[in-house]
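Report on the structure given below.
It should be emphasised that the depicted structure is a prediction, and the values quoted were computed from it without experimental measurement.
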Amino acid sequence: MTGAIAPTKPLTALDLCDRCGAQAYVRVLLPNSGELLFCAHHGREHAEALAKVAVDIQDETQRLTSQEN
């Protein structure tokens, strides 16, 4: 790998928040190749701090409000 950010796959119901265990809608990629998963609530709660250390943030919280016809 050349140091480029690897593409992330969509979050599923099997991806759980590292803080509370609810379904994760936010994936935070860290510089050490680690990742953190958060529900929408904890993603918002920690957004400012995460933005300072994240290599990338995958935010799928819009899925909570989108409606299918």
Side-chain angles (χ1 to χ4, degrees):
M1 184 165 237
T2 63
I5 297 173
T8 55
K9 54 189 172 185
L11 293 163
T12 70
L14 298 176
D15 294 308
L16 303 178
C17 177
D18 289 328
R19 192 81 175 113
C20 69
Q23 184 173 347
Y25 288 93
V26 178
R27 174 182 282 129
V28 180
L29 299 178
L30 302 171
N32 65 356
S33 299
E35 72 175 17
L36 296 170
L37 300 175
F38 292 102
C39 63
H41 166 77
H42 286 114
R44 282 190 303 272
E45 182 178 337
H46 301 293
E48 188 175 327
L50 293 169
K52 293 177 184 177
V53 297
V55 171
D56 188 46
I57 298 176
Q58 176 183 350
D59 185 344
E60 296 184 8
T61 55
Q62 78 283 354
R63 291 177 31 213
L64 293 168
T65 56
S66 64
Q67 298 178 356
E68 293 184 28
N69 293 328

Residue pairs fulfilling ring-ring contact (aromatic ring centres under 6.0 Å, His included) with at least one residue in residues 8-29, sequence neighbours excluded: none

Heavy atoms only: give me the nearest Cys17-His42 pair and the separation to one decimal. SG-ND1, 3.8 Å

Sorted by chain and residue number, the side chain to side chain contact (heavy atoms under 4.5 Å, CB included) partners of Thr12 (sequence neighbours excluded) come out as Leu14, Asp15

Co-members of Ile57 in a cluster of I, L, V, M, F, W and Y side chains, linked at under 4.5 Å: Val26, Val28, Leu30, Leu36, Phe38, Leu50, Val53

Tell me every residue that passes ring pair (Phe, Tyr, Trp, His ring centres under 6.0 Å) with His41, counting only those two or more places apart in sequence or in another chain. none

Can you list everything that forms a side chain to side chain donor-acceptor pair (under 3.5 Å) with Asp59? Sequence neighbours excluded, please. Thr61

Under 3.5 Å donor-acceptor, Glu60 side chain and Ala24 backbone: no

Non-neighbouring partners of Ala47 that pass side chain to side chain contact (heavy atoms under 4.5 Å, CB included), sequence neighbours left out: none

So, using salt bridge (charged side-chain N to carboxylate O under 4.0 Å, His left out) as the criterion, who are the partners of Arg19 when residues are at least two apart? none

Quick test of your reading: applying salt bridge (Lys or Arg N to Asp or Glu O under 4.0 Å), list the pairs with at least one residue in residues 39-55, sequence neighbours left out, ordered by first then second residue. none

For Leu37, the rest of its hydrophobic cluster, which grows through side-chain links under 4.5 angstrom: Leu11

Partner set under salt bridge (charged side-chain N to carboxylate O under 4.0 Å, His left out) for Glu35, not counting sequence neighbours: Arg27

